[in-house]
Amino acid sequence: MTSIPSIRAILSFVAAGRRGSFLEAAAQLQLTPSAVSHQIRLLEEDLGEKLFHRIGRNVTLTEIGERYHRDLSEALSLIERATDEVSRRNSVDVLSVGCAPSLASLWLMPRLPQFESLHPSLEIRLISSSEPTKLSDGSVDVDICYGSVPRLGSIATEEFPLETIVVACAPEVANGERPIRRPSDLVGHTLIKSEQTLYSWRQWAKDHGLEIDLNRGSRFRDAFMSIATAVEGRGVCLESYRLLQRDVERGNLVLPFGMTGPNLRCHTLTYVRSRLRSQKVSAFKQWLESAWLEDAAALEMGSRASVGDRHQERPFGL
């Protein structure tokens, strides 16, 4: 195997060939001219080829020297690019975010590109879990939980704004053989149930004074699975409009009773109080608050549009 010259000899040769002067190459490399000359002489001896024509204080590359200089310059450029890429990668700071599965998949993930474009030096590591993560062990920087969260001295908890719980189904279900126009029309329809919920079908039926068969229909742990099943036209779901919003806007789901439903505090942002001094945690918290508030306008427009094709002229009633 051919031996590789020392990196000092290669740098000396490339610098001298580029500058056309051992003196200027020495200044660039912060070496003495004699050291540069010595390195190039050793390189020529190792190769058994003359690389420079020496004319007084100036030097010019020989024909072989030009080809060798071109190849080594390309190799050094490749090394510089690779090193720069690794250096940039190491400079990226990672923000670990825990989030309840349904909010993560239906609301947070579609909006994360906006945060990443605003903070290109931050890389998001998203951890989806139904259970609150242990903030104290550093596994995540912030955690967005579903439901109530115990208040601890070192953990800050900030509740998200109220979310409206609404009835939703595919258009073909709402306008099918058994149209859904009022709550009593749900009797006999398949109800899709989420186990992780703050407001169940049982509570909904009680609030509307209805007797509904709650044994029929699919049952899922998380809301995003219930919503996906409703989109397929396999029943009616009862979920937060915040999670339904994209499918309503796309026409995959309709709200037979509009935005009528209880307003609940469903999600809570938690983080270790001392970590708010961290720029990445502070930046994410501010963006999250802004995104949620900005989304309210689109949510309001979506709620109005959800009524349009669903017989808006018929009032809500039992």
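It should be emphasised that the depicted structure is a prediction, and the values quoted were computed from it without experimental measurement.
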How far apart are the closest heavy atoms of Thr268 and Thr157, and which atoms are they?
CG2-CB, 3.9 Å

Could you go step by step and tell me if Leu61 and Phe13 meet the side chain to side chain contact (heavy atoms under 4.5 Å, CB included) rule?
CA-CA 10 Å; Leu61 291 164; Phe13 168 66; 3.7 Å; yes

Roughly how far, to the nearest 0.5 Å, is CG of Leu29 from CG of Leu11?
6.0 Å

For a quick test of reading the model, state the closest non-hydrogen atom pair linking Leu255 to Ala168 and the distance between them.
CD2-CB, 3.8 Å

Side-chain (Ser282) to main-chain (Gln279) donor-acceptor, under 3.5 angstrom
no

Would you give the length of the straight line joining atom CZ of Arg221 to atom CD of Glu195, rounded to the nearest 0.5 angstrom?
7.5 Å

If you round to the nearest 0.5 Å, how far is CD of Glu294 from CD of Gln114?
6.0 Å

Could you check whether any side-chain heavy atom of Thr60 comes within less than 4.5 Å of a side-chain heavy atom of Phe52, counting everything from C-beta outward?
no

In short, Ile192 meets Trp201 closest at the heavy-atom pair O-NE1, 3.0 Å

If two hydrophobic side chains count as joined below 4.5 Å and joins carry through other members, does Leu47 share a cluster with Leu42?
no

Scan residues 97-108 for pairs that pass side chain to side chain donor-acceptor pair (under 3.5 Å), counting only residues two or more places apart or in two chains.
Trp107-Asp295

Does Glu63, at its CD atom, have more than 12 non-hydrogen atoms belonging to other residues, nucleotides or ligands within less than 6.0 Å?
no

Is it the case that the side chain of His69 and the backbone of Leu51 share a donor-acceptor pair, with hydrogens and angles ignored and the cut-off at 3.5 Å?
no

Are any non-hydrogen side-chain atoms of Ile227 and Leu253 less than 4.5 angstrom apart?
yes

Side chain to side chain contact (heavy atoms under 4.5 Å, CB included) for Val254 and Cys169? Distances and angles first, verdict last.
CA-CA 6 Å; Val254 296; Cys169 60; 4.2 Å; yes

Is a side-chain N or O of Arg19 found less than 3.5 angstrom from the main chain of Gln28, in a donor-acceptor match?
no

Side chains of Tyr146 and Asp222 only: does a donor on one sit below 3.5 Å from an acceptor on the other?
no

Do Leu23 and Leu31 sit in one hydrophobic cluster, given that two such residues count as connected whenever their side-chain heavy atoms are within less than 4.5 Å of each other, even indirectly?
no

So which heavy atom on Gly98 is nearest to which on Val140, and how close?
N-CG1, 3.9 Å

Lys193 side chain to Ser200 main-chain N or O, any donor-acceptor pair under 3.5 Å?
no

Does a side-chain heavy-atom distance below 4.5 Å link Asp71 with Glu66?
no

Looking only at atom types and distance, does a side-chain atom of Thr62 sit under 3.5 Å from a main-chain N or O of Lys50, one as donor and one as acceptor?
yes

So, do Arg41 and His38 sit near enough that their side-chain heavy atoms are less than 4.5 Å apart?
yes

Return yes when atom CZ of Arg202 has more than 12 non-hydrogen atoms of other residues, nucleotides or ligands closer than 6.0 Å, and no otherwise.
no

Determine whether more than 12 heavy atoms belonging to other residues, nucleotides or ligands lie under 6.0 Å from atom CZ of Arg273.
yes

Does atom CZ of Arg111 have more than 12 heavy-atom neighbours from other groups under 6.0 Å away?
yes

Kindly say whether Ser96 contributes a backbone atom to a donor-acceptor pair with the side chain of Asp141 at under 3.5 angstrom?
yes

Quick one: are Thr164 and Ser240 in side-chain contact, heavy atoms under 4.5 Å?
no

Does atom CD (Glu45) have a neighbourhood of more than 12 heavy atoms from anything else shown, all under 6.0 Å?
yes

Out of curiosity, does Met109 fall in the hydrophobic cluster containing Trp287 (side-chain heavy atoms, cut-off under 4.5 Å, transitive links)?
yes

Ignoring hydrogens and angles, state whether a donor on the side chain of Ser226 or Ser194 is under 3.5 Å from an acceptor on the partner side chain.
yes

Heavy-atom check, side chain of Leu288 versus side chain of Ile144, under 4.5 Å:
yes

Evaluate the criterion side chain to side chain contact (heavy atoms under 4.5 Å, CB included) for residue pair Phe115 and Leu108; output intermediate values, then yes/no.
CA-CA 10 Å; Phe115 176 79; Leu108 182 59; over 6 Å; no

Treat each ILVMFWY residue as a node, draw an edge where side-chain heavy atoms are under 4.5 Å apart, and state whether Tyr68 and Ile7 are in one component.
yes

So, for Arg265 and Leu198, which heavy atoms are closest and what is the spacing to 0.1 Å?
O-CD1, 3.6 Å

If hydrophobic clusters are built from ILVMFWY residues whose side chains come within less than 4.5 Å, do Leu264 and Leu162 share one?
no

Are Thr229 and Cys237 packed together at the side-chain level, in the sense that at least one heavy-atom pair is separated by less than 4.5 angstrom?
no

For the residue pair Val59 and Arg54, what are the closest heavy atoms and their distance?
CG1-CG, 3.9 Å

To the nearest 0.5 Å, what is the distance between CZ on Arg70 and CD on Glu74?
7.0 Å

Exercise: do Ser12 and Gln39 side chains pair donor with acceptor under 3.5 Å:
no

Side chain to side chain contact (heavy atoms under 4.5 Å, CB included) between Met259 and Val166: does it pass, once the steps are laid out?
CA-CA 6 Å; Met259 289 295 290; Val166 296; 4.2 Å; yes

Which distance, rounded to the nearest 0.5 Å, do you find between the NZ of Lys280 and the CG of Leu122?
7.5 Å

Using the test salt bridge (Lys or Arg N to Asp or Glu O under 4.0 Å), find all partners of Glu232 that sit at least two apart in sequence or belong to another chain.
Arg234

Step through the shown structure and confirm whether more than 12 heavy atoms of other residues, nucleotides or ligands are within 6.0 Å of CD on Glu211.
no

Under 3.5 Å, is there a donor-acceptor pair between the side chain of Arg242 and the main chain of Ile165?
no

With rounding to the nearest 0.5 Å, note down the distance linking CG in Leu186 to CG in Leu210.
8.0 Å

Does Glu289 pair with Lys285 as a salt bridge, N-O distance under 4.0 Å?
yes

Quick one: list whatever passes ring pair (Phe, Tyr, Trp, His ring centres under 6.0 Å) with Phe160, sequence neighbours left out.
Trp292

Ring centres of Tyr271 and Phe284 under 6.0 Å apart?
no

I'd like to check Val272 versus Ile155 (side-chain heavy atoms, cut-off strictly below 4.5 Å). Are they in contact?
yes

Main-chain N/O of Arg182 paired with Asp185 side-chain donor or acceptor, under 3.5 Å
yes

